[in-house]
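Presented below is the structure to which this report refers.
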Amino acid sequence: MSTVTLRVFRGDSTSSEFRDYKVETAPGMVVLDAIHSIQKNQDPSLACRWNCKAAKCGSCSGEVNGKPKLLCKARIDELPQDQPIVVTPIKTFPVIKDLVTDVSWNYEVAKQIEPLRLADEGSTEPLRMQQIDVDRIQEFRKCIECFLCQDVCHVLRDGQRKDIFFGPRHMVRFASLEMHPLDTADRRPFLKEHAGIGTCNITKCCTEVCPEHIHITDNAIIPLKERVADLFFDPIAKLFRRR
Amino acid sequence: MSNYETFEYDVLVIGAGGAGLRAVIGAIEKGCKVGVVTKSLLGKAHTVMAEGGAAAALANYDTEDGWKVHFRDTMRGGKFLNNWRTVEIFAKEAPERILELERYGAVFDRTPEGLISQRAFGGHKYRRLAHVGDRTGLELIRTLQDKAVSLGFDCHMETTLTRLLTQGGRVVGAFGYRRVDGQLVVFKAKAIVLATGGFGRMYKFTSNSWESTGDGVVMAYDAGAELQDMEMVQFHPTGMIWPPGMRGILVTEGVRGDGGVLKNGKGERFMFNHVPEFFRAETADNPDEAARWVDDKRNNRRPPELLPRDVVARAIYKEVQEGRGSEHGGAYLDISHKGADYIRKKLPSMYDQFLHLGDVDITKEPMEVYPTIHYAMGGVAAEPDTCATSLPGLYAAGEVAAGLHGANRLGGNSLTDILVFGRRAGEAAGDYANANSHGSVVNEQIEEELDVLMRPLSGGDGVSPYEIQTELQETMQKCAMIARTEESLNEALQTVRELQSKLDDIRVPGDTRFNPGWNAARDARFMLTSSEVLIRSALERKESRGGHWRLDFPNEDPYWAKHNIIAKFENGSVKLEPRPVPTIPPELEEILKD
Ligand SMILES: Cc1cc2nc3c(=O)[nH]c(=O)nc-3n(C[C@H](O)[C@H](O)[C@H](O)COP(=O)(O)OP(=O)(O)OC[C@H]3O[C@@H](n4cnc5c(N)ncnc54)[C@H](O)[C@@H]3O)c2cc1C
Ligand code: SF4
Ligand code: SF4
Ligand code: FES
């Protein structure tokens, strides 16, 4: 049996340390399996979130050797084995304990986003939409709310400017609503004035880490920026383009 | 006196899966102040993992479909142990609920006419499952989450309730702890909706997450509510088998619905040899017809891979038992013949799952699968129209409730179940709350529960909760899985009793702040009680039916065909009672004859 060492962040925002654990490896093992093995055999108090173990729920976000990852998708055999595997919590949000962070800000932000508004509110008729018209919002709706994009976005991570920018996850949500073929609301003023879309300077770091391969910058943020620009700087174009 | 935070709601919903969230909407629409409790973050409940789709007779492709055919298929699939009235409501309301979801913002895959596309699934006569690729559950939970959030409710995330509080024969609240900081919490409520999902964690290999420890059924049972059909567990035929860490993780039935075939270790398409008489007329009897069906469903009969889940799971089990297993002791599931483009469009998350976690490119090679514990048909007995349980003020909806699926659930029926009955439970609880005032919480009940909760932290050496859980899981897997006998079930029961006697000796390090070990200690109690009731019910049902297969009673039995098994907590132990299945009115019985 071969073993691997995990160097895991233990503690909270006031006091913390790294602790090393030796874990027996198995074929196809992922970092989350190793964490579970530590909980079961060495320290049951090690805190970590998970649910699906199949990259579907977005619970197990963390950083492995400094890279934002879903722990259930991070294969041990794809990491260097001759040094400890360093597992830390995501950085943008305050640590609660060990690998668990306080992501509640995201849920508060979500409350402020205007929901879908259909023209015929109250009707029960089936909606008519062509596949080709929903393809692009289906991409956005793949989001599993892992918040890895929020973790790498420099506005939120290094700048800690949650007061001025909702972050890429919520831009994706805006895009899914704004580009819904039957939506009638206009979220552009809000996007500019409250959600802070102008703060994003298109570094594309968010796109790189998205486990759902959503083209966050190209397909969501840039088109939203264009729509906002239409409204605020080019009222003529706006009249023509948005009927 | 201990220190706990108290919250007060008209309606408390326990669980934020699809059933819980739809109940929230229903109760808000009744004008109630609603609070929700969930063990995970919002949007992470089991529902998020569902893949294949939600069944409703929208008849967007097959105009012959309608609620009557859906009714028939569900009753047949459930081997007639279902409550007919529950099924009737379900089949009639399913299309409304799906269309409503679309208006809430769900974006299903479309037909060429721009309507909701529907996928074929096992046991459903027509193409019936509204879906979004193979991530339908995500679409469903996110839509309900956004809708409920827009209406406004209090969400207590990462909070585990462990005890229902009762007074004067009705439910008045619930008690538990916040996982994050260990804070003890009391909820006072006029009515409670239980929507806690299933209990598959008692088995070793399961598609269920850590949440499915049976809390809901056991809280209801401890409080005096009746459970029903607890022996009926669904073994999904296709769980992953390799690598070891992925064992049990689901491979959606959509793979077979979209043309995937099963082969044994010898390369034989064995399902043709396992078609029961009951389904022979509607099943293809040769590979050519089965292959044609994928593109022309009107003029061909369906492949045997799409027989109800209990049939397919047993067939794989038998093939392996008789020495025709795959490399790691399962069967091969192959869809590579459909081509890479088709597979990546229709089954993107399966493609990803196998490529990254199983080192298998499913566009080129077969998957390896084996039955995995998947779904609880049994649970808290609930009235068809209101989801009322036998305990006044308590309503149950979704996987935690029993009655809809009988002895075997059809794929796709659960996602619709949680919509139809989530709504009904929420509304009925709202009505109850509007007609009743708050009861008063009895402190002794809280103190009693507090004692149970805190014991593992009282210091010194003791048993690890994981040790107990692991032994239970191994035993249930070995003795109460797909093939059962009186002997194996008795062995399981004995282990459960031994483990129960160790519960008070569990000790864990740390404190109450986000401490999985401490949480696991309380979970172990839920797992053991639900296992005990399951095993006792399985011993009682001396026949084979649906998910319950007794090697010592291999046939269906006319007496048990007409009886559900009701379990109740009485004088400190499980009391079982066979109860006649409600009689179907003649006009509905007519439908079943087709
Ligand atoms: C991998 C997979 C694929 C599936 N695919 C399909 C499919 O294609 N079609 C289909 O119809 N069905 C499918 N199912 C089944 C279906 O997803 C579930 O049956 C359904 O989602 C259950 O919903 P629910 O709302 O009843 O419970 P869940 O979604 O399980 O939610 C339970 C909630 O209760 C909470 N809870 C539990 N205990 C407590 C407690 N003690 N205190 C507080 N909160 C508690 C949990 O935190 C959670 O929020 C699938 C299941 C799995 C696992
Ligand atoms: S592209 Fe914009 S949202 Fe994405 S990481 Fe960069 S600044 Fe943040
Ligand atoms: S957009 Fe991608 S990275 Fe961001 S939360 Fe959603 S799934 Fe995660
Ligand atoms: S556990 Fe669900 S994404 Fe990792």
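Not measured: the values here are computed from a predicted model. Each chain gets a letter, A, B and so on, in the order the sequences are listed, and its residues count up from 1.
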Which bit of B:M157 is near chain A, if near means a heavy-atom gap under 4.5 Å: side chain, backbone, both or neither?
side chain
Region of B:V107 in contact with chain A, defined by heavy-atom distances below 4.5 Å:
both
Where on B:E211 is there a heavy atom nearer than 4.5 Å to chain A: the side chain, the backbone, both, or neither?
side chain
So which heavy atom on A:A54 is nearest to which on B:L357, and how close?
CA-CD1, 4.3 Å
Using 4.0 Å as the upper bound for N to carboxylate O, is an ion pair formed by A:D120 and B:R103?
yes
Using non-hydrogen atoms and a 4.5 Å limit, figure out which bit of B:T470 sits close to chain A: side chain, backbone, both or neither.
side chain
If one checks every heavy atom of B:W242 against chain A at 4.5 Å, the contacting part turns out to be side chain
Residues A:Q130 and B:P112: closest non-hydrogen pair is OE1-O, 3.2 Å
Closest non-hydrogen atom pair, B:L115 against A:L127:
CD2-O, 3.9 Å
Taking side chain as everything from C-beta outward and backbone as N, CA, C, O, which of these in B:D511 sits under 4.5 Å from a heavy atom of chain A? Side chain, backbone, both or neither.
neither
Between B:L42 and chain A, which part of the residue has a heavy atom less than 4.5 Å away: side chain, backbone, both or neither?
both
Part of B:E158 within contact of chain A (heavy atom distance under 4.5 Å)
side chain
If I compare all heavy atoms of A:P44 with all of B:Y466, which pair ends up nearest, and what's the gap?
CB-CE1, 3.6 Å
Atom group of B:E96 that falls short of 4.5 Å from chain A, counting heavy atoms:
neither
Closest non-hydrogen atom pair between B:R135 and A:R141, with its separation:
NH1-O, 3.4 Å
Can you name the nearest heavy-atom pair linking B:D146 to A:R173, along with the distance?
OD2-NE, 3.4 Å
Run the numbers on A:K56 and B:D352 for salt bridge (Lys or Arg N to Asp or Glu O under 4.0 Å), then give the verdict.
CA-CA 11 Å; A:K56 291 188 168 66; B:D352 250 28; over 6 Å; no
Interface check, chain A: of B:Q145, B:K39, B:E100, B:R179, most non-hydrogen pairs under 4.5 Å belong to B:Q145
Go through the atoms of B:E51 and report whether side chain, backbone, both or neither lie under 4.5 Å from a heavy atom of chain A.
side chain
